[in-house]
Number of protein chains: 2
Amino acid sequence: MQKPKIHTMEELSSAIGVSRPTLSRYFQDPSKVSRTSANRILSGLEKVDYTPNFFATRMNRKTTGMIGVIIPYLNDLFFTRLLESIETAAMRAGYTVITQCSHADPAIEKRAAETFLSMNVDGAIVAPLGNHSDLQVYERLNDRLPFVLMDSRPETLADVDFVGTDHLQSTGAITEYLCRVGAPPVFLAMPRVNFNALEREAAYIKKMDELGFEPRIIGVDPMDSQDHFEGHGLAVLDDMFSRQELLDASFLCANDRVAIGALRAAAKHGLEPGALRRGGLRIAGHDDYPLCPFMTPTLTTVAQDVTAIGQAAVDHLLKKLRGENIDNNQVILLINGVLKLRESA
Amino acid sequence: MQKPKIHTMEELSSAIGVSRPTLSRYFQDPSKVSRTSANRILSGLEKVDYTPNFFATRMNRKTTGMIGVIIPYLNDLFFTRLLESIETAAMRAGYTVITQCSHADPAIEKRAAETFLSMNVDGAIVAPLGNHSDLQVYERLNDRLPFVLMDSRPETLADVDFVGTDHLQSTGAITEYLCRVGAPPVFLAMPRVNFNALEREAAYIKKMDELGFEPRIIGVDPMDSQDHFEGHGLAVLDDMFSRQELLDASFLCANDRVAIGALRAAAKHGLEPGALRRGGLRIAGHDDYPLCPFMTPTLTTVAQDVTAIGQAAVDHLLKKLRGENIDNNQVILLINGVLKLRESA
DNA sequence: AGCAATAATTGACGCATGTAAAAAAACTTT
DNA sequence: AAAGTTTTTTTACATGCGTCAATTATTGCT
C-alpha cells in the first residue's frame, strides 16, 4: 500500500540497481537469470510496487501465452463446467485463458473472434453457436491460428479439428438401455439451436432402426421460443399430457435441461416417472447436468465427460501450436458418454 | 479470406492513400474524421484484411475502455446471470468486460486483481470470494481504480462501495411469510463461504426475534465440505430425517441450491413439502435460482434482482470513473428482494 | 593467481500504435 | 475570387517493453 509506485522497468532498474534487460528476462522467466540477480530483484520488489505493463509485454513477445475461448451461453452449467476444465488444463500448461461469451449472437461471436486475432492469442477454442453462426468465422480462425472446435460440430467444415462427445455412442447407449428395460422411447427434441440437436436426433433414429423399433420424435417446433430448454420440455409435455397422450411412454430428452422441464410436466400432471414402475412413464436425459442427482425423481442420463473434453481440447490445441501435428489431416476426437442410471428411467 | 493481410497502420496508410494519424483517429471514432475520408477508408478496408493491434492501441490510449470483473464461481447460475447482466450493461455503455473467475482460490483472485491493474482497466467490479479472501486485494484495487464490490460485503471495508441485495429485507420478508402462513422456520445454513451466509443468518435471527419466535439454525458445520450447496442441504436434512427429526418443520434455506438439496432429502424420505399442506413440511430458499420453477415441488423463494444489481454496479462504476461522485463517502446500494411464492412453502 | 566459461550490462533498435504541432490542402462563405 | 474555416498530412516524439550484439563483470576451476 505505502510502497512507492513504479511505472516502468526503466525506473525499477535504477531503483534496485539491476539492468533493464535483466529485469525483462526475469519477468519472463525467473530461471533465466542468475541466482544472485534473482534474489536482488526479489528483495527489491518487496520495497516497491511494480507490475510489468500487460500490453507492452504482450505486444512485443512473439508468443502471448494466451488462448481464447468462446462459448455460446454462460447460463448453462454444461458450458461453465467445460470452461472450468479448459481453464484448469490451460493454467496447468502455463497459459492464460481469455473467455468471451457470444450470448447466442453471431455478431458478438464474430467480434469476439476478431478480438482474438487482434490480440495475437496463441490459439483458440470455440464452442459453436449453432445454426445461426457464421461458419466463415471458424474458417477464418482456423486459417490464422491453431484452432479447435468443441462440443458441437458443423459438418461442412472439412479442415477444422474437433473435440466432443461421440453422440452416436452416447445417445445410442441410452436409447439401447431404454429399449432394453421398458418401452422404446419417444425422443423429446430440443430446439435446434446447435448441431448436437440434430446429431442426437439422428443417433436416436439410427439406434431405433437397428433395434427394429419405430422412432418417434416430438417437440421439434419450439412452443416457446423464449425459453430454450426447461421451458420447452415443460411446454411440450404439458400439452401432451393435457391431451391424455403418452401418459405412460418412455422419453429420451435431447438434453437434461429439457428433461428437467419434462419432469416438471410429469409432476404437474400427478405422474411419477421411474425405472422401478415397469411399463410406466420414464424420462431420461443427456449430459449429466450437475443437478440431475438432486431432481425428484433423480434423473437418469448419459454423462458427457466434460473434464476429458476440456483437457483434450487444450492438449490438442497445444500440440498444434507447438507444430506437433505431423500431418495436416483433420483431427476429430470423440469421447464416449457414460450411462448414469438413476430413478427416472 | 483471399484479401491480402495487412499488419500495420503504416502499411494500410500507403495501401489506401490515407495518412496514418487520420486512420488512427478513424479507428478510435469514425465520426472524428470527415465524411469523405471515412468513406475512402471504408471502401479501402473492404479490399484488405486489417484489424488494429489490440495491445498497441490499448497501450497508448489513456483509457482502455475495459472493465474487469471477478467472480468466485462459474458453476453457479446466480453468478453467471449476474455476469450476463453486467456484460449487457457494460456493452451498452461501450465498454468491454474482461472476466476472471477465481475458482474459490484467494491466490487466483489476487493474481486476477494484479492482472487488471497491469492492464490499466478503467474500473473493476468484484464479487468477493468470502471468508478466505484477502481483503487487502480489495483495498488495493479500491486505491488504484474506480472499484465496486458486489453481491457480498466484508463489513470491515469502510471505504469500498458496494452493490447487492438488502438481505435484511429479503431474508426478513421470507421469514415473515413463513411465520405468517405456518410454523416458524428453522434456518438451514450454508457453509460460510461468503459474507452473505452470515448476513442471512443474522437477518433471520433478527426477524424471528422481532416476531417473538425462537430462532433455530442447523447445518452450520458442513457435513461434506466437498459439495458446497446441494450436497450440503441433502446431507444435513437426510441425516435429520433419518433420525425422524423435524419431519414437519418449515425450513428456510440459506440459498436455493441448498434448498434443492433439501427438497431431494425430503423426496428421499417420502416427504412432500408444500404450502398447501398446512402444518406440514415446508422448504423455502433464497435467490430465485433459474431452476426453481422446475423443481418438484416448485420452490418458493425470494428473488435477488440480478439485473438491477448488475446494472447498478456498472452504472455506479461508470459514475466513479467519470469522476461524478460528488463526495467521497462510501456508497452502499441495497436492492430489495421479491417474494416468489410457489408450491414448496 | 590466472584463465576460461558463464552471466550481466550497456546501448541501440524494433514493435504498432497514440498524440501533438505545424504546414498544406480542401472546403465555405461572402 | 479572396478570405476564412475545417480537415488532412507531415513530421516528430512518446509508450513500455522485447531482443540482439558487443562489452564487461563474475564465477569456477586448476
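Chain identifiers are assigned alphabetically (A, B, ...) following the order of the sequence lines, protein sequences preceding nucleic acid strands; residue numbering begins at 1 within each chain.
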Original post:
Can you tell me if the side-chain N/O atoms of B:Ser34 get under 4.0 Å from OP1 or OP2 in D:dT7?
Top reply: no

Original post:
Between A:Glu10 (CD) and C:dT10 (P), how many Å, whole number?
Top reply: 10 Å

Original post:
Taking it one step at a time, do A:Leu321 and A:Tyr95 satisfy side chain to side chain contact (heavy atoms under 4.5 Å, CB included)?
Top reply: CA-CA 12 Å; A:Leu321 66 81; A:Tyr95 283 82; 3.3 Å; yes

**OP:** Taking only the side-chain heavy atoms of B:Ala56 (C-beta and beyond), determine which of D:dG18, C:dT10, C:dT17 contains the nearest atom.
**Re:** C:dT17

Original post:
When the distance from CG of B:Leu23 to P of C:dA16 is rounded to whole Å, what number comes out?
Top reply: 15 Å

Original post:
Where the side chain of B:Ser43 meets the backbone of B:Asn39, is there a donor-acceptor pair that is under 3.5 Å apart?
Top reply: yes

**OP:** Report which part of the nucleic acid B:Pro21 touches: base, sugar-phosphate, or nothing (heavy-atom distance under 4.0 Å, all strands).
**Re:** base

**OP:** Pick base, sugar-phosphate or nothing for A:Tyr50, based on heavy-atom distances below 4.0 Å to the nucleic acid.
**Re:** sugar-phosphate

Subject >> Side-chain N or O of A:Arg25 closer than 4.0 Å to phosphate OP1/OP2 of C:dT9 >> reply: no

Subject >> Integer-rounded Å distance: C:dA16 P and B:His7 NE2 >> reply: 8 Å

Subject >> Which residue lies more 5' along DNA chain C, comparing B:Thr36 with B:Pro52 via nearest heavy atoms >> reply: B:Pro52

**OP:** Select base, sugar-phosphate, or nothing to describe what A:Arg58 touches, counting heavy atoms under 4.0 Å on all strands.
**Re:** nothing

**OP:** Without swapping roles, check the side chain of B:Asp161 against the backbone of B:Val331 for a donor-acceptor pair under 3.5 Å.
**Re:** yes

**OP:** Send over the distance from B:Lys62 NZ to C:dT17 C1', rounded to a whole Å.
**Re:** 14 Å

Original post:
Can you check the B:Asn60 CG to C:dT17 C1' distance for me, whole Å?
Top reply: 5 Å

**OP:** Could you work out which one of D:dT9, C:dA20, D:dG16 sits closest to the side chain of A:Asn53?
**Re:** D:dG16

Subject >> Phosphate contact (C:dG18 OP1 or OP2) by B:Ser24 side-chain N/O below 4.0 Å >> reply: yes

Subject >> Under 3.5 Å donor-acceptor, B:Gln330 side chain and B:Leu157 backbone >> reply: yes

**OP:** Quick one: label B:Thr8 by what it contacts on the DNA or RNA (base, sugar-phosphate, nothing), any heavy atom closer than 4.0 Å.
**Re:** sugar-phosphate

Original post:
Any side-chain N or O of B:Thr22 under 4.0 Å from OP1/OP2 of D:dT9?
Top reply: yes

Original post:
CE of A:Met59 versus P of C:dG14: gap in Å, rounded?
Top reply: 14 Å

Original post:
Are B:Gln28 and C:dT19 close enough that a side-chain N or O sits under 4.0 Å from OP1 or OP2?
Top reply: yes

Original post:
For the pair made of CZ in B:Phe27 and P in C:dG18, what is the distance, rounded to whole Å?
Top reply: 9 Å

Subject >> Gap between atoms CZ and P, on A:Arg35 and C:dT6 respectively (whole Å) >> reply: 19 Å

Original post:
Base, sugar-phosphate alone, or nothing: which one does A:Met9 contact when heavy atoms must sit under 4.0 Å apart?
Top reply: sugar-phosphate

Original post:
So, A:Lys110 side chain and A:Val137 main chain: donor-acceptor pair closer than 3.5 Å or not?
Top reply: no

Original post:
Between the main-chain N or O of A:Thr64 and the side-chain N or O of A:Asp122, is there a donor-acceptor pair closer than 3.5 Å?
Top reply: yes

Original post:
Is there a donor on the side chain of A:Arg20 or the base of C:dG11 sitting less than 3.5 Å from an acceptor on the other?
Top reply: no

